There are 2 protein chains.
Amino acid sequence: MKKLVRLPEAELSVMRAVWRLEAPVPTGAIRSRLERERPWNLSALQTLLSRLAERGYLSVGKEGRQNVYTPLVSEGEYLAFENAPFLEGRGLPGLVTALYDSRSIGREDLEELRAFLDEAMGKEGGT
Amino acid sequence: MKKLVRLPEAELSVMRAVWRLEAPVPTGAIRSRLERERPWNLSALQTLLSRLAERGYLSVGKEGRQNVYTPLVSEGEYLAFENAPFLEGRGLPGLVTALYDSRSIGREDLEELRAFLDEAMGKEGGT
DNA sequence: GCCTCACTCCTACAAATGTATGTTTTTATA
DNA sequence: TATAAAAACATACATTTGTAGGAGTGAGGC
């Protein structure tokens with residue numbers, strides 16, 4: 001398991017964009033994906049991309065003369081990493097409970113989740 | 001709903017400690033709670049606490065001579081806030097799937113979660 | 001061939017964050 | 001009562017993060 005580091009806000013936004021695009025992703029695609037949310041100056045974005053590469057979150061390749069980026073850390077891995085302190089203390093049910101209690105998710109979400117689990121695991125729940 | 005801001009690493013560790021203690025929490029209690037993980041210099045910790053108060057994450061009171069802190073944002077609210085971009089895109093099942101696919105949680109965790117949901121909502125799941 | 005576009009890469013710098021020192025005030029106590 | 005322990009509070013400063021400017025370079029249009 002890679003040694004992850006908590007990403008600063010701006011870099012995390014960039015990663016989220018990359019995760020949602022088809023790798024390898026050219027800079028321009030990332031830029032347009034983010035233009036509503038964070039209309040960065042091109043150089044600013046490039047700085048963030050290289051920092052992400054330094055940190056081992058992205059690999060950089062070339063497609064012609066353009067840089068293309070591929071995530072080296074999946075969104076799930078990162079999510080697990082960020083939520084680890086909570087998950088360790090209280091487990092997945094604890095997480096769901098906390099979200100529910102703070103009204104961040106509702107009863108429908110729980111229903112949906114249960115249906116999803118039943119579907120994914122089969123109703124038997126064998127080992 | 002308060003306007004939350006993503007906390008920097010150090011401040012977040014402090015919040016996690018506060019969340020796990022009984023409010024209102026005196027500085028010393030936070031300090032000892034964190035001494036393994038982040039053995040901060042007392043002033044360093046005090047700086048972080050006042051920054052958290054400025055940001056509206058903690059309220060500060062006095063208990064005799066000492067400062068005592070009370071969270072103004074619950075752990076669940078914060079969790080929801082941090083995971084919001086993911087949850088909006090993919091919902092709770094998506095989150096669980098991402099964790100599972102990245103092997104951050106295992107099949108037992110899913111079993112446990114399902115059992116928990118069955119318990120919490122009743123097996124019928126009617127609305 | 002020359003210009004413009006679209007990028008890359010290097011450099012810079014203000015603001016935010018992480019960590020510590022020094023000073024003062026309390027309270028407890030040898 | 002002099003001394004030490006505990007903590008507040010102000011201040012400082014190195015490092016990291018956020019954002020941008022500018023120089024260089026291949027590609028396509030004219």
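We name chains A, B, ... by the order of the sequence lines, and we start the count at 1 in each one. Owing to the predicted nature of the structure, the values given are computational and were not obtained by experimental measurement.
Close to D:dC9, at under 4.0 Å from its OP1 or OP2, lies a side-chain N or O of B:K62. A sub-4.0 Å separation between OP1 or OP2 of D:dC9 and a side-chain N or O of B:Q46 is absent.
At a cut-off of 3.5 angstrom, the base of C:dC7 holds no donor-acceptor pair with the side chain of A:Q66.
A:S102 is linked by a side-chain contact (heavy atoms from CB on, under 4.5 Å) to A:S104, B:S74, B:E77, counting only residues two or more places apart in sequence or in another chain. Contacts of A:R90 classified as salt bridge (charged side-chain N to carboxylate O under 4.0 Å, His left out), with partners at least two apart in sequence or in another chain: B:E75. Under the side-chain contact (heavy atoms from CB on, under 4.5 Å) criterion, B:N41 pairs with B:S43, B:A44, sequence neighbours left out. Among residues two or more places apart in sequence or in another chain, the side chain to side chain donor-acceptor pair (under 3.5 Å) test is passed with A:R55 by A:E11.
Taking atom CG of B:L12 as the reference point, atom P of C:dT17 lies 12 Å away to the nearest angstrom. Between the CD atom of A:E63 and the P atom of D:dA27 there is a distance of 14 Å, given to the nearest Å. Rounded to whole Å, atom P of C:dG18 lies 14 Å from atom CD of B:E54. In this structure, B:L42 atom CG and D:dT11 atom P are separated by 18 Å, rounded to whole Å.
One finds no salt bridge joining A:E88 and B:R16 here, because no Lys/Arg side-chain nitrogen approaches an Asp/Glu carboxylate oxygen to under 4.0 Å.
Atoms OH and CG, from A:Y57 and A:L12 in turn, are 8.5 Å apart once rounded to the nearest 0.5 Å.
Within a 6.0 Å sphere centred on CZ of B:R6, heavy atoms belonging to other residues, nucleotides or ligands number more than 12.
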Between N or O atoms, less than 3.5 Å apart, protein on one side and nucleotides 13-20 of chain D on the other: list the pairs.
{"from": "D:dT17", "atom 1": "OP2", "to": "A:R55", "atom 2": "NH1", "distance (Å)": "3.4"}
{"from": "D:dT17", "atom 1": "OP2", "to": "A:R55", "atom 2": "NH2", "distance (Å)": "2.8"}
{"from": "D:dG18", "atom 1": "OP1", "to": "A:A10", "atom 2": "N", "distance (Å)": "3.4"}
{"from": "D:dG18", "atom 1": "N7", "to": "A:R51", "atom 2": "NH1", "distance (Å)": "2.8"}
{"from": "D:dG18", "atom 1": "N7", "to": "A:R51", "atom 2": "NH2", "distance (Å)": "3.4"}
{"from": "D:dG18", "atom 1": "O6", "to": "A:R51", "atom 2": "NH2", "distance (Å)": "3.3"}
{"from": "D:dT19", "atom 1": "OP2", "to": "A:R38", "atom 2": "NH2", "distance (Å)": "3.2"}
{"from": "D:dT19", "atom 1": "OP2", "to": "A:W40", "atom 2": "NE1", "distance (Å)": "3.0"}
{"from": "D:dA20", "atom 1": "N6", "to": "A:T47", "atom 2": "OG1", "distance (Å)": "2.9"}

Using the 3.5 Å cut-off, write out each protein N or O paired with an N or O of nucleotides 23-30 of chain C and the distance between them.
{"from": "C:dT26", "atom 1": "O3'", "to": "B:R65", "atom 2": "NE", "distance (Å)": "3.4"}

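Checked by atom type and distance alone, the side chain of B:Y78 pairs as donor or acceptor with a backbone atom of B:L7 at under 3.5 Å.
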